[in-house]
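To start, the structure itself, in structure tokens.
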Amino acid sequence: MPPTFDTAVPNIARIYDAMLGGKDNFAADREAADRLTELEPLSPLYAREHRRYIGRAVRLMAGCGVRQFLDIGTGLPTMENVHQIAHRHAPGSHVVYVDNDANVCAHARALLADDPGTVAVVEEDLRRPERIIDHPDTRRLIDFGAPVGILVTGVLHFVPDADDPFRSLGVLAGAMCSGSYLAISHITDETVRETRPSDNRSGMEVFAKSNAPMHCRSRADIARFLDGLDVHDPGIVCISEWRAPDPSVIREDLRDVWLAGVARKP
């Protein structure tokens, strides 16, 4: 897949960056982010809560002895990146970032140029898990004979069933040894499809004009991604609810939109 850089086409990584208040985006990305926020005013909050969920997932893995992390579909470098969290809680941890966007990889390499000993960036695609696992930089930093934390967050809903993301995660889980962890997140439209069908269609149309259309799935299908693994408490729940510092303040309007779960390989 040749690298492209068309600033007129909204890019999912740059839309997310715009939602987080970043600067690595263009007018088309900001317009898409504004339209999504118009349809769902909580969209920027979802983006921030998703970053916080990733932080809690990495901290959990580090606390369980994981010292190597594989972040697939990393997106543009933003607040609290995986290697920063991992190094804070487990100094010396190895982190490999994977993305299929050449421009995302270029940004990441520039950010990480001063730390090649523990961090690497691999330009590959979730739909080719074997190539991710066998990539020289992955093999240089990740020992699959020791526990590894694999994060596939914010990307599965951009992979259609025709590309069989279930197989991809099965391959990744198969490469992990016992005691490894898999963290996922996925947008679902089960509730909004029934309560606000017009807004749901409009939101899907925004992504249809981007570089990666969205493919929402049901809660049951999202749970399938963790089949064969021991799902960590509190199960598959809203991103802001997963091991939240204070569950009593969880907003009801954040539920049933962006789900997340972390599982351990027995």
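In what follows, every heavy atom counts, from backbone to side chain, and hydrogens, waters and symmetry copies are set aside.
At a threshold of 4.5 Å between side-chain heavy atoms, the hydrophobic network of Ile, Leu, Val, Met, Phe, Trp and Tyr places I132 and F166 in one connected group. Residues L45 and L36 are members of one and the same hydrophobic cluster, defined by side-chain heavy-atom contacts under 4.5 angstrom among Ile, Leu, Val, Met, Phe, Trp and Tyr.
With sequence neighbours left out, F69 forms a ring pair (Phe, Tyr, Trp, His ring centres under 6.0 Å) with no residue at all. By the side chain to side chain donor-acceptor pair (under 3.5 Å) test, R88 pairs with E80, sequence neighbours left out. Contacts of D163 classified as salt bridge (Lys or Arg N to Asp or Glu O under 4.0 Å), with partners at least two apart in sequence or in another chain: R127. For F158, the ring pair (Phe, Tyr, Trp, His ring centres under 6.0 Å) criterion is met by F207, not counting sequence neighbours. Partners of D29 by salt bridge (Lys or Arg N to Asp or Glu O under 4.0 Å), not counting sequence neighbours, listed by chain and number: R14. Residues meeting the salt bridge (Lys or Arg N to Asp or Glu O under 4.0 Å) test with R219, sequence neighbours left out: D256. The side chain to side chain donor-acceptor pair (under 3.5 Å) test applied to E124 returns R128, R131, not counting sequence neighbours. Qualifying salt bridge (Lys or Arg N to Asp or Glu O under 4.0 Å) partners for E31, counting only residues two or more places apart in sequence or in other chains: none.
H50 places a side-chain heavy atom less than 4.5 Å from the side chain of W258. Under the 4.5 Å side-chain criterion, counting only non-hydrogen atoms from C-beta, Y181 is not in contact with V58. Looking at heavy atoms from C-beta onward, H215 lies out of side-chain contact with V159 at the 4.5 angstrom threshold. Contact annotation: the side chain of L156 approaches that of L169 to within less than 4.5 Å [non-hydrogen atoms, C-beta and beyond]. Considering only heavy atoms from C-beta on, C64 comes within 4.5 Å of L60 through its side chain. Taking the side chain as every heavy atom from C-beta outward, I239 and R51 never approach each other to under 4.5 Å. In this structure the side chain of I85 reaches within 4.5 angstrom of the side chain of R59, judged on heavy atoms. In this structure the side chain of D71 never reaches within 4.5 angstrom of the side chain of N81, judged on heavy atoms.
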Can you give the donor-acceptor pairs under 3.5 Å from side chains of residues 144-154 to other protein atoms, not counting sequence neighbours?
none

Pair up each side-chain donor or acceptor in residues 21-28 with any protein partner under 3.5 Å, not counting sequence neighbours, and list the distances.
residue, atom, partner, partner atom, Å
N25, OD1, R30, NH1, 2.8
N25, ND2, D17, OD2, 2.9
N25, ND2, G22, O, 3.0

Show me the donor-acceptor pairs, under 3.5 Å and distance only, between side chains in residues 92-99 and residues at least two apart or in other chains.
residue, atom, partner, partner atom, Å
S93, OG, A90, O, 2.6
H94, ND1, L141, O, 2.8
Y97, OH, V82, N, 3.2
Y97, OH, H83, N, 2.8
Y97, OH, H83, ND1, 2.6
D99, OD1, D101, N, 2.9
D99, OD2, T74, N, 3.4
D99, OD2, G75, N, 2.9

Quiz: residues 223-234 side-chain donor-acceptor pairs under 3.5 angstrom, not counting sequence neighbours:
none

Checking side-chain contact (heavy atoms from CB on, under 4.5 Å) for the pair L172/L126: CA distance, chi angles, key distance, verdict? CA-CA 10 Å; L172 293 168; L126 173 61; 4.0 Å; yes
For the pair N11 and N103, evaluate side-chain contact (heavy atoms from CB on, under 4.5 Å) and give the outcome as yes or no after the intermediate values. CA-CA 11 Å; N11 176 286; N103 302 298; 5.9 Å; no
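Here the side chain of S185 pairs no donor or acceptor atom with the backbone of L259 at under 3.5 angstrom. Formation of a donor-acceptor pair under 3.5 Å by the T37 side chain with backbone atoms of A33 is found in this model. A donor-acceptor pair under 3.5 Å is absent between the side-chain atoms of R217 and the main chain of T188, judged by distance alone. Under the 3.5 Å distance criterion, the side-chain polar atoms of R264 are left unmatched by any main-chain donor or acceptor of S180. Checking side-chain atoms of H157 against main-chain N and O of I187 turns up a donor-acceptor pair under 3.5 Å.
The nearest pair of heavy atoms linking R139 to D134 is NH2-OD1, 3.2 Å. Pairing each heavy atom of Y53 with each of G261, the nearest pair is OH-O, 3.3 Å. Contact detail for A13 and V104: the closest heavy-atom pair is CB-CG2, 3.7 Å. What you find for R67 and A62 is that their closest heavy atoms are NH1-O, 2.8 Å. Annotation for G174 and K265: closest pair O-NZ, 3.5 Å, computed over non-hydrogen atoms.
Note: I184 CD1 to I72 CD1 = 12.5 Å, rounded to the nearest 0.5 Å. Taking OH of Y46 as the reference point, atom SG of C238 lies at 8.0 Å (rounded to 0.5 Å). Separating the CZ atom in R48 from the OG atom in S240 is a distance of 12.0 Å, to the nearest 0.5 Å. Rounded to the nearest 0.5 Å, atoms OG1 (T138) and CD1 (I133) are 8.5 Å apart. Taking CG from L182 and CE from M176, the interatomic distance works out to 5.5 Å, rounded to the nearest 0.5 Å. Here the straight-line distance linking atom CD of Q68 with atom CE of M61 works out to 12.0 Å at 0.5 Å rounding.
For the pair E130 and R167, the salt-bridge criterion is met [side-chain N within less than 4.0 Å of a carboxylate O].
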